[in-house]
Amino acid sequence: MNDLKILAVQYPVESACSLTQVRSKASKLIEEADRCSADLLMLPELFALDLIPRGSLEQDQKNLEWIAREHVPALLEHLATESRRRGLGILAGSVPAPSHKSGKIRNLSVLFDGHGNSFSQEKIHLTPDERAWGWEGGEELRPFSFRGVYCQILICYDIQFAALSAAFNGKSPELFLCPSMTEAAGLQRVRVGCQARAVEHYAFTVVTGTTQGPTGSYRSRASAFSPYDDHFSGVLTEAAAEENLLISLPFTRLRSCRKQAGIFSARDSRPFTVQERLSTESSQ
């Protein structure tokens, strides 16, 4: 595997769409990915919000729980079928889904690999809205191999937590995929988190999200980030698009440069002790 071609799409959440309408919107994006010979189509976080009329937190909670149980299985099956039919990898953004353990709703991302296999990752850190809806966070990171590339999905808020990196035990993913849904300020936080993970792990990160529909208030910008040093100079620092972003990521070059890298934070990290000293004034 030399390159991995990714189409990171931005999805307009219009709200109160039927399942047929949402599948149709997704199918058009799948056709676009197929036309440009992408290896992976990347949908954003909670694009299934398109299925409900937005209201109060309480109304959203009830509606999201309903679609999690009634519509999400059919939506995921549609994406899985299209993935197999076209041989196309599809990251199904993220969707609300009942936990097999507790029955509570979790924020779940699923990647279909185009060959009948799937990989899933639950969002670990929840936003205030997700907590208000009564959702629960996931419990583990689940890295996987997609077309020879070692990958990790981090859903939106999770990309901002450097502490998650300790779970990789020195084996850094080569690609972080970040489906997102956030407002303007959150967009910048997620963007900075993606840059930090690229530097920390000497890896690529790709993020995409939902956009504002007639009744929505979301913002997005599809972006890809790379490590930045003299070895990798001139390959990619940042690519971004206000619409959809098609980009080829050179993993043969990434692996070669990793071997030569002088600055590789995740490789060079080691345990240390923090001695906390608080003055009387600062503790009051």
Side-chain angles (χ1 to χ4, degrees), residues 11-19 21-23 25-26 43-80 91-111 118-142 152-164 167 177-187 189-190 193 207-220:
Y11 185 99
V13 170
E14 298 168 294
S15 300
C17 291
S18 67
L19 178 60
Q21 289 173 315
V22 172
R23 287 198 298 198
K25 288 169 72 172
L43 291 165
E45 179 186 21
L46 293 182
F47 71 100
L49 278 171
D50 218 9
L51 289 163
I52 67 169
R54 297 307 308 276
S56 65
L57 282 172
E58 184 177 353
Q59 289 172 323
D60 287 348
Q61 178 184 12
K62 292 177 181 178
N63 287 331
L64 284 164
E65 183 146 353
W66 177 69
I67 67 167
R69 301 181 192 281
E70 298 297 325
H71 282 339
V72 163
L75 181 57
L76 290 178
E77 181 54 38
H78 171 70
L79 296 174
L91 177 68
S94 79
V95 293
S99 164
H100 295 301
K101 292 182 179 180
S102 67
K104 290 186 176 182
I105 301 300
R106 296 187 178 186
N107 192 341
L108 175 72
S109 183
V110 182
L111 188 146
S118 64
F119 309 97
S120 63
Q121 175 64 55
E122 294 169 331
K123 188 175 185 179
I124 294 173
H125 299 97
L126 302 184
T127 63
D129 278 358
E130 289 167 318
R131 292 195 295 269
W133 292 332
W135 292 10
E136 68 177 8
E139 299 162 351
E140 62 180 353
L141 292 175
R142 304 182 69 185
Q152 175 64 55
I153 300 168
L154 292 177
I155 304 171
C156 201
Y157 198 19
D158 282 346
I159 200 75
Q160 300 174 51
F161 288 84
L164 291 179
L177 300 168
C178 181
S180 177
M181 183 192 78
T182 188
E183 63 345 294
L187 173 62
R189 290 193 299 269
V190 171
V207 57
T208 197
T210 52
T211 57
Q212 183 178 30
T215 59
S217 59
Y218 313 114
R219 297 289 187 275
S220 184

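The basis for the numbers below is simple: all heavy atoms, side chains too, and nothing from hydrogens, waters or symmetry mates.
Around CZ of R69, the count of heavy atoms belonging to other residues, nucleotides or ligands within 6.0 Å exceeds 12. For Y157, the OH atom counts as loosely surrounded, since its 6.0 Å shell holds 12 or fewer non-hydrogen atoms of other residues, nucleotides or ligands.
Looking at L49 and M181, their side chains come closer than 4.5 Å, going by heavy atoms from C-beta outward. Residues L91 and F119 form no side-chain contact, since every pair of their non-hydrogen atoms from C-beta on lies 4.5 Å or further apart. Looking only at side-chain heavy atoms (C-beta outward), V207 and V190 come within less than 4.5 Å of each other. The shortest side-chain heavy-atom distance between P96 and L108 does not fall under the 4.5 Å cut-off. Side-chain atoms of V72 and L51, non-hydrogen and from C-beta on, never get closer than 4.5 Å to each other.
Taking each heavy atom of W133 and D60 in turn, the nearest pair found is NE1-CB, 3.5 Å. Contact detail for I52 and S15: the closest heavy-atom pair is O-CB, 3.3 Å. For the pair G103 and P98, the tightest heavy-atom approach, listed with the atom from each and the gap, is O-CB, 4.0 Å. The nearest pair of heavy atoms linking E122 to I155 is C-CD1, 4.2 Å. In this structure, S109 and G93 approach most closely via the heavy-atom pair OG-O, 2.6 Å. Contact record, P44 with T208: CB-O, 3.9 Å, taken as the closest heavy-atom pair.
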Checklist line | Stepwise side-chain contact (heavy atoms from CB on, under 4.5 Å) check, L177 with L111 | finding: CA-CA 10 Å; L177 300 168; L111 188 146; 3.9 Å; yes

Item checked: Test salt bridge (charged side-chain N to carboxylate O under 4.0 Å, His left out) applied to K101 and E139, step by step -> CA-CA 11 Å; K101 292 182 179 180; E139 299 162 351; 2.9 Å; yes

Next item on the list: Check the pair I124, F161 against side-chain contact (heavy atoms from CB on, under 4.5 Å), reporting the backbone distance first and the verdict last.
Entry: CA-CA 10 Å; I124 294 173; F161 288 84; over 6 Å; no

Check: Should L64 and I105 be marked as a side-chain contact (heavy atoms from CB on, under 4.5 Å) after you check the CA-CA gap, both sets of side-chain angles, and the distance that decides it?
Finding: CA-CA 9 Å; L64 284 164; I105 301 300; over 6 Å; no

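One distance of note links NZ of K25 with SG of C17; it measures 4.5 Å at 0.5 Å rounding. The NE2 atom of H71 sits 10.0 Å away from atom CG of N63, with the distance rounded to the nearest 0.5 Å. Atom-to-atom distance recorded for E130:CD and N107:CG is 5.0 Å, nearest 0.5 angstrom. Within the model, atoms CD1 of I153 and CG of L141 stand 10.5 Å from one another, a figure rounded to the nearest 0.5 Å. Note that the CH2 atom of W66 and the CD atom of Q61 stand 16.0 Å from one another [nearest 0.5 Å]. Note that the CD atom of E45 and the CG atom of D158 stand 9.0 Å from one another [nearest 0.5 Å].
A search for side-chain contact (heavy atoms from CB on, under 4.5 Å) contacts involving A185 returns E183, R189, not counting sequence neighbours. Residues meeting the side-chain contact (heavy atoms from CB on, under 4.5 Å) test with K62, sequence neighbours left out: E58.
Remark: the Q121 side chain and the Q152 side chain contain an N/O donor-acceptor pair separated by less than 3.5 Å.
A donor-acceptor contact shorter than 3.5 Å links the side chain of Q21 to the backbone of S18. Between the S94 side chain and the L46 main chain, a donor and an acceptor come within less than 3.5 Å of each other.
Checking each of K104, K123, R106 against E136 for a side chain to side chain donor-acceptor pair (under 3.5 Å) leaves exactly one that passes, namely R106. Residue D50 is tested with L75, T210, V13 for a side chain to side chain contact (heavy atoms under 4.5 Å, CB included); the sole match is V13.
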